[in-house]
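The sequence lines fix the lettering, A, B, ..., with proteins before strands; numbering per chain opens at 1.
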Amino acid sequence: MPSWVDLISWVCFVLGGLLCITGGVGLLRFPDFFTRVHAVGVTETLAAPLLLSGLALQLGWTLDLVKVVLIMAFILATNPTATHAMARAALHGGHRPVIFGEESERIDSEGIDSEGIDSEGIDSEGIDSEGMASGKMASEKSTSGEGPSSKN
Amino acid sequence: MYYAAVIAILVTMALALIRAFIGPSVYDRMLAANVFGTKTVLLIAVGGYVLSWPAFLDVALLYALTNFVGTIAVMRFFEYSDQASCDVQDGGER
């Protein structure tokens with residue numbers, strides 16, 4: 001007959017394993033980089049403390065418990081930081097989130113995304129309205145910038 | 001129950017490896033590497049307890065530290081190397 005501590009730690013192990021697999025499937029099947037970041041960042045931040053707390057319940061009051069708590073605190077501090085930093089780096093590096101429903105032919109945007117990012121950067125995508133708006137602004141500014149220069 | 005957790009972690013590591021191989025952009029590969037590193041920490045922690053390794057939690061703690069520093073280093077590298085081509089367009093737009 002298992003004790004209550006064993007039962008709670010087993011529940012933690014099973015829930016942590018389920019969240020692990022959920023994050024892995026989301027990482028493999030979601031269509032965009034930002035959705036993959038979302039899937040992995042959310043599930044991993046809960047899965048790692050669940051697995052480690054299940055382990056800590058099995059360990060009891062030993063020195064290893066301190067190490068497990070240290071690992072848990074470190075993962076809880078660094079994992080959202082790393083996820084946020086990666087999403088920001090992708091946003092700075094020219095990735096734009098794929099927005100479905102605006103243009104129906106952009107549904108298979110994964111191939112376009114990879115080709116566009118590797119070859120030419122932002123302007124080859126043209127998916128989002130923000131990029132188009134900023135492109136229009138750039139063209140306006142370029143025309144207004146050409147005015148005084150042509151006068152001079 | 002330990003083996004269920006270990007198998008779940010191994011399956012997740014395999015899925016992250018598949019994403020790292022087929023990932024379209026370099027950020028996908030970086031994200032998959034980060035997931036792989038975190039799951040390595042968890043695998044060492046849980047599997048080391050199951051197999052009763054000596055000092056397995058020290059190894060797991062070291063892996064956690066190394067994984068975070070490596071992810072941040074690679075991320076900074078790609079952020080600024082890709083920004084070199086993008087920054088001109090952004091500055092021109094603003």
Side-chain angles (χ1 to χ4, degrees), chain A residues 6 9-11 13-14 16-25 27-28 33 36-37 40 44 47-48 51-52 54-55 58-59 64 67-68 70-71 74-75 77-79 81-83 85-90 92-95 110-111 113-115 117-118 121-123 134-135 137-138 141-142, chain B residues 1-2 4-16 18-19 22-28 30-32 34-35 37-39 41-42 45-46 48-49 55-58 60-61 63-65 67-69 71-72 74-83 85-87 89-90 92-94:
Chain A
D6 280 342
S9 82
W10 289 349
V11 168
F13 273 126
V14 170
L18 276 178
L19 277 175
C20 271
I21 293 183
T22 307
V25 171
L27 175 67
L28 192 60
F33 172 73
R36 285 173 202 145
V37 160
V40 167
E44 225 180 27
L51 285 173
L52 288 177
L55 185 62
Q58 290 290 325
L59 284 174
D64 287 342
K67 292 174 188 171
V68 167
L70 268 179
I71 295 174
F74 193 77
I75 285 182
T78 59
N79 206 354
T81 311
T83 308
M86 266 188 291
R88 207 191 51 166
H92 279 189
H95 258 289
E110 192 164 346
D113 207 10
S114 63
E115 299 287 329
I117 286 299
D118 286 341
I122 301 177
D123 289 334
S134 57
M137 281 178 61
K141 281 212 171 184
S142 65
Chain B
M1 291 304 143
Y2 309 113
V6 167
I7 287 170
I9 293 169
L10 284 175
V11 166
T12 310
M13 287 168 89
L15 293 175
I18 294 172
R19 174 49 74 190
I22 69 171
S25 67
V26 71
Y27 304 106
D28 291 309
M30 214 160 57
L31 179 67
N34 186 24
V35 172
T38 312
K39 290 303 179 293
V41 174
L42 294 177
V46 179
Y49 179 72
F56 60 101
L57 284 172
D58 301 328
L61 190 54
Y63 258 92
L65 292 163
N67 179 36
F68 177 65
V69 174
T71 302
I72 292 297
V74 174
M75 185 273 300
R76 297 306 267 193
F77 175 68
F78 280 113
E79 181 178 11
Y80 287 122
S81 70
D82 275 347
Q83 210 178 8
S85 62
C86 255
D87 208 6
Q89 297 172 358
D90 281 343
E93 284 168 8
R94 284 165 197 163

Rounded to the nearest 0.5 Å, what's the gap from CG on A/N79 to CZ on B/F68? Could you check? 9.5 Å

Side-chain heavy atoms of A/T78 within contact of B/L65, under 4.5 Å: no

Interface residue of largest heavy-atom contact number with chain A, from B/L57, B/I7, B/V74, under 4.5 Å: B/L57

Tell me, do A/D64 and B/Y49 make a side-chain contact under 4.5 Å, heavy atoms counted? no

Heavy atoms of other groups near B/Y63 OH, more than 12 under 6.0 Å: no

Go through the atoms of A/L55 and report whether side chain, backbone, both or neither lie under 4.5 Å from a heavy atom of chain B. side chain

Need one label for A/F74: side chain, backbone, both or neither, based on atoms under 4.5 Å from any heavy atom in chain B. side chain

With side chains defined as the heavy atoms from C-beta onward, is the minimum distance between A/V40 and B/N34 less than 4.5 Å? no

Closest non-hydrogen contact found for B/A45 with A/L52 is CB-CD2, 3.9 Å

Which pair of heavy atoms, one from B/Y27 and one from A/F33, lies closest together, and at what distance? O-CE1, 3.2 Å

Heavy-atom proximity to chain A below 4.5 Å, by part of B/L61: both

For residues B/L31 and A/L27, determine if any side-chain heavy atom of one lies less than 4.5 Å from a side-chain heavy atom of the other. yes

Where on B/A64 is there a heavy atom nearer than 4.5 Å to chain A: the side chain, the backbone, both, or neither? both

If you count heavy-atom pairs under 4.5 Å with chain B, which of A/G23, A/S9, A/C20 comes out on top? A/C20

Selection from A/V25, A/T22, A/T83, A/L28 maximising heavy-atom pairs under 4.5 Å formed with chain B: A/L28

Specify the closest pair of heavy atoms between A/A82 and B/T71, including all atoms of both residues, with the distance to one decimal. CB-CG2, 4.3 Å

